Chemist: 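Here it is, the structure in full.
Everything numeric in this text was worked out from a predicted model, so none of it was measured.
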Amino acid sequence: MKILPKILDFLGTPRGLRVVSVLAAIIVWYAIRAATSNSSIITDIPLVVQPPPDWSVVDCSTRTVDVAFLGTRDDLRYLNRELIKATVDARSHADNQPFTVMLGAANINAPGSARIDFIRPSVITLRLDREITKQVPVKVETQNLLPDGYEIEKTTVTPATVELSGPAQLLDEIEAISTAPVDLDGRIRSINKRRVPLVPAHNLEGVLMDPAAVTLDMAIIERSVSVQYPDLPVLPMQAPGRALRVELDPDAATLTVKGRPELMKSLAAEDLRLFVDLTGVADGKPGRLPVRAVLPNGVTLVRTEPATVAVSVKE
């Protein structure tokens, strides 16, 4: 019982008061720490990297970070992913070599007074590259085949080139941009398609493409072969009831026709006729008339040589 009075006497001295103050401070510190040590982890916060002007981020070891916060319940209550910003200022780094950045509290902007306990990952690796602009041609991709007997005569893409804007190292590898495949299965008519999307073969993340679609005009024709028939006689065609003496110079011509291969194989000179139309020609008046042809179905005139003949007519 003598100890208690001694302790009370000691606490009343200046030295005792200092001991009481230290103990009180420790108790208060633990009380505050307990009150402000509630924890909360916010995951998948988007990481924004700010490169120098005319540069872009081509590689980053992570696109999001997780941040653990400590604080009172009020500090943590209103924390959410939308209000927290994770940024890295890389404006002082102007080369395309990989480099690392250690993340800390300076990289996190969050509302309230919550403290940052840790960031995961704490270190990231970045690579930057210059931004350039490049014009590349558009290549039309097709799939399947046209039906037998048909072929593509001409293909026109509008515009014929597109503009790419993005990292220099990535764009240096690109020589052309392809369209989405155009299906030719069963096609016998020409194609006119607006807004055919462009589908790059490379991964163009971070690259702007202008335009993103093109207009395609593809002329599809029936496949044909041309055959030449020389020295076919040119016959005069007269109006009914007239019997004219006609002189033609020359009186023969070379005829070139075209058609489907299987039809042209069976075509003979006897199936073709050349003539000049005399129904509107006055008697005895010389002139030149076009050489015309009578052709079987499926056979098309290419040309006659000569295209006209000199004609003189007498009763």
Side-chain angles (χ1 to χ4, degrees), residues 39-71 76 78-139 141 159-181 195-214:
S39 64
S40 176
I41 297 180
I42 309 297
T43 60
D44 298 326
I45 301 170
L47 179 64
V48 178
V49 179
Q50 185 176 9
D54 300 324
W55 286 69
S56 63
V57 180
V58 295
D59 192 19
C60 183
S61 59
T62 185
R63 296 296 181 185
T64 62
V65 295
D66 303 334
V67 181
F69 292 93
L70 295 175
L76 303 179
Y78 300 106
L79 288 177
N80 60 65
R81 190 177 297 105
E82 288 70 27
L83 297 177
I84 302 170
K85 307 299 180 185
T87 60
V88 171
D89 188 350
R91 288 176 293 181
S92 63
H93 200 95
D95 66 65
N96 60 4
Q97 298 302 312
F99 63 101
T100 59
V101 175
M102 182 170 291
L103 300 180
N107 301 109
I108 306 299
N109 184 8
S113 303
R115 308 188 310 276
I116 294 175
D117 188 17
F118 64 83
I119 302 172
R120 185 174 55 211
S122 59
V123 179
I124 62 170
T125 302
L126 298 171
R127 188 167 69 83
L128 311 179
D129 203 354
R130 289 182 302 107
E131 289 273 354
I132 66 169
T133 298
K134 181 179 181 179
Q135 294 279 344
V136 297
V138 176
K139 179 182 176 183
E141 288 291 336
T161 62
V162 296
E163 182 178 274
L164 303 179
S165 300
Q169 190 171 14
L170 178 58
L171 296 190
D172 284 344
E173 302 174 357
I174 301 174
E175 300 299 330
I177 295 292
S178 298
T179 65
R195 299 204 60 78
V196 178
L198 300 176
V199 183
H202 302 73
N203 178 14
L204 294 189
E205 184 179 356
V207 174
L208 297 178
M209 183 166 52
D210 184 30
V214 295

Chemist: Within the distance-only criterion (no hydrogens, no angle test), does the side chain of D44 pair as donor or acceptor with the backbone N or O of D66 below 3.5 angstrom?
Modeler: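 Checking the backbone N and O of D66 against the side chain of D44, no donor-acceptor pair under 3.5 Å is found.
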Chemist: Considering residues, nucleotides and ligands other than R130, do more than 12 of their heavy atoms fall under 6.0 Å from its CZ?
Modeler: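 No, because the 6.0 Å sphere around CZ of R130 holds 12 heavy atoms or fewer from other groups.
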Chemist: Working to the nearest 0.5 Å, report the span between OG1 of T133 and CG of L208.
Modeler: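 With rounding to 0.5 Å, OG1 (T133) is 9.0 Å from CG (L208).
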Chemist: What distance separates Q135 CD from L164 CG, expressed to the nearest 0.5 Å?
Modeler: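 The distance works out to 8.0 Å.
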Chemist: Side chains of V57 and L128: does their closest heavy-atom pair fall under 4.5 Å?
Modeler: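 A side-chain contact exists here, since the closest heavy-atom pair is under 4.5 Å.
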Chemist: Donor-acceptor pair, distance only, cut-off 3.5 Å: does the side chain of K134 make one with the backbone of L171?
Modeler: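 At least one qualifying donor-acceptor pair exists.
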Chemist: Between the side chains of R127 and D59, is the shortest nitrogen-to-carboxylate-oxygen separation below 4.0 Å, so that they form an ion pair?
Modeler: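 No salt bridge links D59 with R127.
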Chemist: Would a 4.5 Å heavy-atom cut-off, applied to side chains only, mark V88 and L103 as touching?
Modeler: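 Contact flag for V88/L103 side chains = yes.
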Chemist: So do the side chains of V58 and N96 get within less than 4.5 Å of each other, counting heavy atoms only?
Modeler: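 V58 does not reach N96 side chain to side chain.
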Chemist: To the closest 0.5 Å, what do you measure between CD1 (I119) and CG (N107)?
Modeler: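 If we round to the nearest 0.5 Å, I119:CD1 and N107:CG are 6.0 Å apart.
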Chemist: Looking only at non-hydrogen atoms, find the nearest pair between I84 and A110 and report the distance.
Modeler: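 Minimum heavy-atom separation between I84 and A110: CG1-CB, 4.1 Å.
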Chemist: Atom CD1 of I42 and atom CG of L76: how far apart are they, to the nearest 0.5 Å?
Modeler: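 Between atom CD1 of I42 and atom CG of L76 there are 8.5 Å.
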Chemist: Working to the nearest 0.5 Å, report the span between CG of D54 and CG of D129.
Modeler: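 Here the interatomic distance stands at 12.0 Å.
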Chemist: Say whether, by atom type as modelled, one donor and one acceptor occur between the side chain of R81 and the main chain of T43 under 3.5 angstrom.
Modeler: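 Yes, because the side chain of R81 sits within donor-acceptor range (under 3.5 Å) of the backbone of T43.
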Chemist: Check whether any side-chain heavy atom of I45 sits under 4.5 Å from a side-chain heavy atom of K85, and report yes or no.
Modeler: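 No, side chains not in contact.
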Chemist: Closest heavy-atom contact between P167 and S56?
Modeler: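 Minimum heavy-atom separation between P167 and S56: CG-OG, 3.4 Å.
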Chemist: Answer yes or no: is there a side-chain heavy-atom contact under 4.5 Å between L198 and T179?
Modeler: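 When only atoms from C-beta onward are counted, T179 and L198 do touch, with a gap below 4.5 Å.
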Chemist: Just so I know, are the side chains of V101 and V49 near enough to count as touching, which here means a heavy-atom distance under 4.5 Å?
Modeler: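 They are not in side-chain contact.
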Chemist: Nearest 0.5 Å, what's the CG-CZ distance between D117 and F69?
Modeler: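 D117 atom CG to F69 atom CZ measures 10.5 Å (nearest 0.5 Å).
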Chemist: Where do P46 and T64 come nearest, in terms of heavy atoms and distance?
Modeler: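 Shortest heavy-atom contact: CA-CG2, 4.1 Å.
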Chemist: Give the minimum heavy-atom separation between P111 and L79, together with the two atoms involved.
Modeler: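 Looking at all heavy atoms of both residues, the shortest contact is O-CD2, 3.7 Å.
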Chemist: In the structure I gave you, are the side-chain heavy atoms of L70 and S39 within less than 4.5 Å of one another anywhere?
Modeler: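 With C-beta onward as the side chain, the pair touches.
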Chemist: Please walk me through it: do N109 and T87 pass side-chain contact (heavy atoms from CB on, under 4.5 Å)?
Modeler: CA-CA 8 Å; N109 184 8; T87 60; over 6 Å; no
Chemist: Search all heavy atoms of E175 against all heavy atoms of P137 and return the closest pair with its distance.
Modeler: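 In this case the closest contact between E175 and P137 is O-CD, 3.2 Å.
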Chemist: For a 4.5 angstrom cut-off between non-hydrogen side-chain atoms, does L47 reach C60?
Modeler: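 In contact.
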Chemist: Closest approach of F99 and A90, non-hydrogen atoms and distance?
Modeler: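 Answer, listing the atom of F99 first, then A90: CZ-CB, 4.2 Å.
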